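Counting starts at 1 for both ligands and their atoms, in listed order. On a predicted model such as this, the values are computed, not experimentally measured, just so you know.
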Amino acid sequence: MTDVAGRTARNAVRTGRPTLAVVGATGAVGSVMLQILSQHADIWGEIRLIASPRSAGRKLAVRGEEVEVVALTEEAFDGVDVAMFDVPDEVSARWAPIAVAKGAVVVDNSGAFRMDPDVPLVVPEVNPHAVRVRRRGIIANPNCTTLSMIVALGALHAEFGLRELVVSSYQAVSGAGRSGVDTLRRQLSLVAGTELGTHPGDVRRAVGDDTGPFPEPVALNVVPWAGSLREDGWSSEEMKVRDESRKILGLPTLPVAVTCVRVPVVTTHSLTVHARFEGEVTVDKAREILATAPGVVLFDDPAAGEFPTPADAVGTDPTWVGRVRRALDDPTALELFVCGDNLRKGAALNTAQIAELVASELSAP
Ligand SMILES: NC(=O)c1ccc[n+]([C@@H]2O[C@H](COP(=O)([O-])OP(=O)(O)OC[C@H]3O[C@@H](n4cnc5c(N)ncnc54)[C@H](OP(=O)(O)O)[C@@H]3O)[C@@H](O)[C@H]2O)c1
């Protein structure tokens, strides 16, 4: 293990059970993280809650106790073994290396380190082994859109060998943090009970110019945009799904086409997936794989009106898969509809699972 991890192990010995820091404890992801830490096996010693100076002194509940939030400073990492970062990219970029220098292993939820070749990008159901090869002392958590489908895809890839991916997302507003949720709720209150949505621009006039983190009104609408502009008209979110899927699956040249769309759903991303494999596939075999894959629930009986929707998947841990079909014009391809809670498996749950892998390593004799 590197000298970084070596120092971490000594911290764990000093405190008995490892000390965990949750940086960004007050945010959309951080709030779900506190629920998950309260529900999972209690493996941590101290859990320290960290946020911006704006939140210092606030008290938040975790493991049934009120814990005071402290401001992000170097001293906040004293004695910390594992630090989860649920903060904007620029905050992680600056502070994660500081936490590592203070002896912590960092599990980062932002986009700051995901494509760094010295930082593993880990989904415990797909590539758990990668967690140990952390040359910078940092482990990255994938983007919520990638995470909402990759557990199901990883299982199919292990059996069939993935050759191409075409994906469209239907992304919830909480993917843009607390301000995304606040924006949708405000806009819904302005359009509820009206006849709006029948004339060009009527929704836009009703909700006003402040569309929060979205470029267009999101209530009564779908917005084919998430993230910032990249080359040739692609969005940053679309590039993340492509780059991160390739890295997690270990397929650096996998052809991936993605269109990301924001929809008026509070939490839980959905995706349509067209996945092409090495050879012919059957729906029966695909269903067998999905029905037994850890972290996946197959919910697929259209005759009975059964398929996943965000309204049912929200607040749950698994990746829900339905509408499994073989492509009509290609016997090597499958069509799927996938739903995953973007704040649980899409963010906090996956981070917690990674941190638990690190904790078990630190606690090993
Ligand atoms: N939302 C999702 O579905 C999702 C999924 C996967 C990954 N992520 C990533 O997870 C991270 C957090 O996202 P979020 O949706 O939870 O955002 P959010 O709701 O806006 O929360 C941001 C958190 O970061 C803290 N913060 C902001 N600036 C800070 C600073 N200068 N110093 C210390 N703390 C600071 C905030 O503290 P205060 O409350 O004190 O301002 C808050 O706790 C982002 O990198 C995001 O891309 C989000």
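- When hydrogens are left out, the protein atom nearest atom 9 (C) of ligand 1 is Asn109 O, 3.4 Å; that is the closest non-hydrogen contact.
- Using a 4.5 Å heavy-atom threshold, the side chains of Val173 and Arg185 count as separate.
- Under the 4.0 angstrom criterion, atom 46 (C) of ligand 1 counts as lacking any protein heavy-atom contact.
- Using the six-membered ring where Trp is involved, Phe85 and Phe77 have ring planes that are parallel, under 30° apart on the 30 and 60° scheme.
- Below 4.0 Å from some heavy atom of Ala347 lie the following atoms of ligand 1, by number and element: 5 (C), 6 (C).
- Near Thr26, the atoms of ligand 1 lying under 4.0 angstrom from a non-hydrogen atom of the residue are 36 (C), 37 (O), 38 (P), 39 (O), 40 (O), 42 (C), 43 (O).
- Ligand 1 places these atoms under 4.0 Å from at least one heavy atom of Ser110: 45 (O).
- Smallest separation of non-hydrogen atoms from Pro213 and Ser179: CG-OG, 3.6 Å.
- If you number the atoms of ligand 1 from 1 as listed, the ones under 4.0 Å from a heavy atom of Arg178 come out as 19 (O), 39 (O), 41 (O).
- Considering all non-hydrogen atoms of both residues, Arg163 and Pro255 come closest at O-CD, 3.1 Å.
- Under a 3.5 Å cut-off, the side chain of Trp95 and the backbone N or O of Pro97 do not form any donor-acceptor pair.
- Checked by distance only, ligand 1 and Ala176 stay at 3.5 Å or farther apart across all their nitrogen or oxygen atoms.
- Between Arg114 and ligand 1, a contact under 3.5 Å exists for no N or O pair.
- Taking every heavy atom of Ser174 and a limit of under 4.0 angstrom, the matching atoms of ligand 1 come to 1 (N), 2 (C), 3 (O).
- In this structure, of Ser52, Ala25, Gly227, Gly346, the residue bringing a heavy atom nearest to atom 35 (C) of ligand 1 is Ser52.
- The two residues Ala355 and Met84 have their closest heavy-atom pair at CB-CE, 3.6 Å.
- The pair Lys285-Glu288 counts as a salt bridge, with a side-chain nitrogen and a carboxylate oxygen less than 4.0 angstrom apart.
- Atom-to-atom distance recorded for Ile47:CD1 and Leu60:CG is 12.0 Å, nearest 0.5 angstrom.
- Protein heavy atoms are found inside the 4.0 Å sphere centred on atom 28 (N) of ligand 1.
- Closest to atom 32 (N) of ligand 1 among all protein heavy atoms lies Leu72 CD2, 3.7 Å.
- Across all their heavy atoms, Asp300 and Val324 have their closest contact at OD2-N, 3.3 Å.
- In the vicinity of Leu343, heavy-atom distances shorter than 4.0 Å reach the ligand 1 atoms 1 (N), 2 (C), 3 (O).
- Interface of Asp86 with ligand 1, defined as ligand atoms under 4.0 Å from a residue heavy atom, comprises 11 (C), 12 (C), 23 (C), 24 (O).
- Here Arg94 contributes atom CZ and Asp89 contributes atom CG; the two are 15.5 Å apart, rounded to the nearest 0.5 Å.
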Next on the checklist: The test is salt bridge (charged side-chain N to carboxylate O under 4.0 Å, His left out); show your working for Arg323 and Glu335 and say whether it passes.
Outcome noted: CA-CA 7 Å; Arg323 305 296 327 279; Glu335 316 288 349; over 6 Å; no
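- From the protein, the heavy atom lying nearest to atom 11 (C) of ligand 1 is Val87 O, 3.4 Å.
- In this structure, the protein non-hydrogen atom closest to atom 13 (O) of ligand 1 is Val29 CG2, 3.9 Å.
- Every atom of ligand 1 is numbered from 1 in the order shown, and the set under 4.0 Å from a heavy atom of Gly27 is 16 (O), 19 (O), 21 (O), 42 (C), 43 (O).
- Here the closest non-hydrogen pair linking Asp210 and Gln187 is O-NE2, 4.3 Å.
- Distance from atom 15 (O) of ligand 1 to its nearest protein heavy atom, with residue and atom name: Gly177 CA, 3.1 Å.
- Of the candidates Ala56, Gly24, Pro88, Pro88 brings a heavy atom nearest to atom 26 (N) of ligand 1.
- With atom 30 (C) of ligand 1 as the reference point, the heavy atom nearest to it among Asp182, Val91, Val181 is part of Val91.
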